[in-house]
J.: 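Here it is, the structure in full.
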Amino acid sequence: ELRAAVADYLSHRGIPTTLDQVIITTGVQQAVHIIFSVLAPGGHPVAVESPTWNCVLDILRMLGTVVVPMPVDAGGADLDEVAARAHSTNIKAVWMTTGYHNPTGAEVLEARVRQAARLSTTAQIPIIEDISVRDLGLGDDEPPPTVAQCAPTAPVITVGSLSKLLSPALRLSYLRAQPDVIRQLARQKTVWDNGVSLLSQIVALRLLPHWRALAGERRRSAATNCAIATEAIRRALPGWSFRPPDGGLSMWVNIPDMDPRRFAQLAIRERVEILPGTIFHWGDQPTSSIRISLARSREDTEEGIRRLARAWQRD
């Protein structure tokens, strides 16, 4: 029933989907592990945006995957180099975000989405698109289309999160792909478990018809926290710089003249946790960025920025 409900949800969001195109997984982390175990086992190259969700990088390291990093700018992942090398390399898959990029919060340009769709169609390279925060825009505009919408018959795998959409406590996600690919992924999933928590699926099934209202609450909360963090940083930490996020649940902030890993340790002393930008890059690429969560309460956000300011002054 939940697979059918997800297929209906995606279809209403402009991604025509049938029941046999969906798998339910225990979070996006399991979904990613399943995909790369099937498409790119150890030693096979994949193109991955950098920065990207750090758990993807952890899984690829564990699998021994050869990673081709793709730079990310204000329009999302830059696929130019991958597209140019598509016919001369053996890249097995491309991982990218559509909708709103994680962790930078930038809206991914429609031109980048259509470029990925053409790449998948012409070179038959699987595009794995993460749409986990696509419904969590901080403005009123609809995000650009997904790769699956632009290339309905190409080897595109869409990864989405019911936890982000409905409730963090659910720990549920889904995979959407062509039926033959779904069968391969489903066989791999049985290696790890015999099924996702039935109780969580029942709760998700009852919540999913209300996704617009639930996502709206999360959007409003994140937008409020973004405004609070923006004002507080500009007031208490004027040397920091950032581009306000278009969507998602985090801010990507540049801090001057300090290794973000060192600042994360200073922040811990003030009992506030942030993630240094290095862990979102393949190969621990040097960066001056940190990620600040917008997913907590208003009070936590206000107190968190105050503590970050104290940590900065401590240095």
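Any value given below was found using the heavy atoms of this structure, including those in side chains, with hydrogens, waters and symmetry copies removed. If you read the sequence from its start, that first residue is 1, and numbering goes on from there.
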J.: Verify side chain to side chain contact (heavy atoms under 4.5 Å, CB included) between I292 and T301, making sure each step is shown before the conclusion.
T.: CA-CA 9 Å; I292 296 176; T301 302; over 6 Å; no

J.: Report yes if the side chains of I131 and R13 come closer than 4.5 Å at any heavy-atom pair, otherwise no.
T.: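 No, side chains not in contact.
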
J.: Do R206 and E1 sit within salt-bridge range, that is, some charged N less than 4.0 Å from a carboxylate O?
T.: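 No, R206 and E1 are not salt-bridged.
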
J.: Where do H44 and T65 come nearest, in terms of heavy atoms and distance?
T.: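 Answer, listing the atom of H44 first, then T65: O-CG2, 3.1 Å.
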
J.: Looking at every heavy atom in both L172 and A204, which two are closest together, and how far apart are they?
T.: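 What the structure gives for the nearest pair is CD1-CB, 3.6 Å.
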
J.: Salt-bridge test for R61 and D58: reply yes if a basic N is under 4.0 Å from a carboxylate O, no otherwise.
T.: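 Yes, this pair counts.
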
J.: Write down the atom of F263, the atom of L308, and the distance for their closest heavy-atom approach.
T.: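 That would be CZ-O, 3.7 Å.
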
J.: Show me the donor-acceptor pairs, under 3.5 Å and distance only, between side chains in residues 115-122 and residues at least two apart or in other chains.
T.:
residue : atom : partner : partner atom : Å
Q115    : NE2  : D80     : OD1          : 2.9
S120    : OG   : I125    : O            : 3.0
T121    : OG1  : A117    : O            : 2.8
T122    : OG1  : R118    : O            : 2.8

J.: I'd like to know if V6 and V196 are part of one continuous hydrophobic network [Ile/Leu/Val/Met/Phe/Trp/Tyr, side-chain heavy atoms within less than 4.5 Å].
T.: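 Yes, same cluster.
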
J.: Name the residue from R314, R307, Q313 that meets the side chain to side chain donor-acceptor pair (under 3.5 Å) definition with E270.
T.: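 Exactly one pass, corresponding to R314.
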
J.: Can you tell me how far apart NE2 (H33) and CG (L63) are? Round to the nearest 0.5 Å.
T.: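 Going from the NE2 atom of H33 to the CG atom of L63 covers 4.5 Å.
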
J.: If you count heavy atoms of other groups shown closer than 6.0 angstrom to CD of E303, is the number above 12?
T.: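 Yes - once you tally the heavy atoms of other residues, nucleotides and ligands closer than 6.0 Å, there are more than 12.
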
J.: Does W252 offer a backbone N or O that forms a donor-acceptor pair with the side chain of T104 under 3.5 Å?
T.: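 Judged by distance alone, no pair lies under 3.5 Å.
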
J.: Can we say R306 and E302 salt-bridge, meaning some charged N sits less than 4.0 Å from an Asp/Glu carboxylate O?
T.: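 Not counted as a salt bridge, because no side-chain N and carboxylate O are separated by less than 4.0 Å.
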
J.: Is R114 reaching over with its side chain to a backbone N or O of C150, donor-acceptor style, under 3.5 angstrom?
T.: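 A pair under 3.5 Å: no.
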
J.: Tell me whether V46 is reachable from L57 by hopping between hydrophobic residues (I, L, V, M, F, W, Y) whose side-chain heavy atoms are closer than 4.5 Å.
T.: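 Same hydrophobic cluster.
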
J.: Taking H281 for the side chain and T278 for the main chain, is one N or O donor matched with an acceptor at less than 3.5 Å?
T.: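 No; zero donor-acceptor contacts below 3.5 Å.
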
J.: What are the two closest non-hydrogen atoms of P238 and A236, and how far apart are they?
T.: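 Closest pair (atom of P238, atom of A236, distance): CD-C, 3.4 Å.
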
J.: Go through it in stages, so that I can follow the logic: the residues are D20 and I182, the test is side chain to side chain contact (heavy atoms under 4.5 Å, CB included), and I'd like the CA-CA distance, side-chain angles, deciding distance and then a yes or no.
T.: CA-CA 7 Å; D20 59 353; I182 286 293; over 6 Å; no

J.: Can you confirm whether Q178 sits close enough to P155 that some side-chain heavy atom of one is under 4.5 Å from a side-chain heavy atom of the other?
T.: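 A side-chain contact is absent here, since even the closest heavy-atom pair is not under 4.5 Å.
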
J.: Under the side chain to side chain contact (heavy atoms under 4.5 Å, CB included) test against I255, which residue among T287, I290, I274, L237 passes?
T.: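 Testing I255 for a side chain to side chain contact (heavy atoms under 4.5 Å, CB included) against T287, I290, I274, L237 leaves exactly one candidate, I290.
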
J.: Would a hydrophobic clustering, with Ile, Leu, Val, Met, Phe, Trp and Tyr connected at side-chain separations under 4.5 Å, put I59 with V159?
T.: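 I59 clusters together with V159.
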
J.: Distance-only, no hydrogens or angles: does the R176 side chain make a donor-acceptor pair with backbone N or O of T18 under 3.5 Å?
T.: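 The answer is no, because no donor-acceptor pair under 3.5 Å joins these two groups.
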
J.: Looking only at atom types and distance, does a side-chain atom of S173 sit under 3.5 Å from a main-chain N or O of V28, one as donor and one as acceptor?
T.: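 It does hold such a pair.
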
J.: Using modelled atom types and a 3.5 Å cut-off, is there a donor and acceptor pairing between side-chain atoms of R112 and backbone atoms of A77?
T.: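 Confirmed, R112 side chain pairs with A77 backbone.
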
J.: Tell me, which pairs form a ring pair (Phe, Tyr, Trp, His ring centres under 6.0 Å) where one or both residues lie in residues 193-220, sequence neighbours left out?
T.: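 Applying ring pair (Phe, Tyr, Trp, His ring centres under 6.0 Å) to every pair that reaches into residues 193-220, excluding sequence neighbours, yields Y9-W211.
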
J.: Find out whether P143 and Y100 are in side-chain contact, i.e. whether some heavy atom of one side chain is under 4.5 Å from a heavy atom of the other.
T.: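 Yes; the side chains approach each other to less than 4.5 Å.
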
J.: Measuring from R171:CZ to T25:OG1, what's the distance to the nearest 0.5 Å?
T.: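 So the CZ of R171 and the OG1 of T25 are separated by 9.5 Å.
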
J.: Please test L39 against I157 for side chain to side chain contact (heavy atoms under 4.5 Å, CB included), starting from the C-alpha separation and ending with a verdict.
T.: CA-CA 11 Å; L39 296 186; I157 302 175; 3.6 Å; yes

J.: Could you state the interatomic distance from OG (S241) to CD1 (I233), rounded to the nearest 0.5 Å?
T.: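 Here the interatomic distance stands at 10.0 Å.
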
J.: When you measure from the side chain of T224 to the backbone N and O of R220, does any donor-acceptor pair fall under 3.5 Å?
T.: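 It does hold such a pair.
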
J.: Are V68 and W282 packed together at the side-chain level, in the sense that at least one heavy-atom pair is separated by less than 4.5 angstrom?
T.: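 The answer is no, as the side chains (C-beta and beyond) never meet within the 4.5 Å cut-off.
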
J.: Just so I know, are the side chains of Y174 and L10 near enough to count as touching, which here means a heavy-atom distance under 4.5 Å?
T.: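 In contact.
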
J.: To the nearest 0.5 Å, how far apart are CG in L170 and OG1 in T26?
T.: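 Between L170 CG and T26 OG1, I get 11.5 Å after rounding to 0.5 Å.
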
J.: Would you indicate whether the side-chain heavy atoms of F280 and L275 approach each other to under 4.5 Å?
T.: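 Answer yes - side chains close enough.
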
J.: Between S37 and V191, is any pair of side-chain heavy atoms under 4.5 Å apart?
T.: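 Answer no - side chains too far apart.
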
J.: Of all heavy-atom pairs between A93 and I128, which one has the smallest distance, and what is that distance?
T.: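 In this case the closest contact between A93 and I128 is CB-CD1, 3.9 Å.
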
J.: Rounded at 0.5 Å granularity, tell me how far CD1 in I35 sits from NZ in K189.
T.: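 Between I35 CD1 and K189 NZ, I get 13.0 Å after rounding to 0.5 Å.
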
J.: Quick one: list whatever passes side-chain hydrogen bond (donor to acceptor under 3.5 Å, both in side chains) with T158, sequence neighbours left out.
T.: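 side-chain hydrogen bond (donor to acceptor under 3.5 Å, both in side chains) list for T158, sorted by chain: E129.
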
J.: Q149 versus V113: any side-chain heavy-atom pair under 4.5 Å?
T.: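 A side-chain contact is absent here, since even the closest heavy-atom pair is not under 4.5 Å.
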
J.: Does any N or O in the side chain of T17 come within less than 3.5 Å of the main-chain N or O of A7, such that one atom is a donor and the other an acceptor?
T.: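 No, because the side chain of T17 does not come within donor-acceptor range (under 3.5 Å) of the backbone of A7.
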
J.: Looking at R219 and D135, would you say the former's side chain and the latter's main chain have a donor-acceptor pair under 3.5 Å?
T.: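 Yes, the answer is positive, given that a donor and an acceptor are paired below the 3.5 Å cut-off.
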
J.: Supply the atom-to-atom distance S132 OG to L162 CG, rounded to the nearest 0.5 angstrom.
T.: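 Nearest 0.5 Å value for the OG-CG distance: 9.5 Å.
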
J.: Any idea how W240 and W312 line up, ring-wise: parallel (<30°), tilted (30 to 60°), or perpendicular (>60°)?
T.: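 Because their plane-to-plane angle is over 60°, the rings of W240 and W312 count as perpendicular.
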
J.: Would L166 end up clustered with I24 when hydrophobic side chains under 4.5 Å apart are linked, directly or stepwise?
T.: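 Looking at the clustering, I24 is in the same group as L166.
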
J.: Tell me if the NZ atom of K164 is crowded by more than 12 foreign heavy atoms within 6.0 Å.
T.: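 Counting other residues, nucleotides and ligands, NZ of K164 stays at 12 neighbours or fewer.
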
J.: Looking at I34, is its backbone amide N or carbonyl O close enough to the side chain of Q188 to form a donor-acceptor pair, meaning the two atoms are under 3.5 Å apart?
T.: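 Judged by distance alone, no pair lies under 3.5 Å.
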
J.: What is the minimum heavy-atom distance between A232 and I305, and which atoms define it?
T.: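 Closest approach of A232 to I305, heavy atoms only: CB-CG2, 3.3 Å.
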
J.: In the single-linkage hydrophobic clustering (I, L, V, M, F, W, Y; side-chain heavy atoms under 4.5 Å), do L208 and V203 co-cluster?
T.: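 In one cluster: yes.
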
J.: Just by distance, with hydrogens left out, do E49 and T97 show a side-chain donor and acceptor under 3.5 Å apart?
T.: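 Yes, side-chain donor-acceptor contact under 3.5 Å.
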
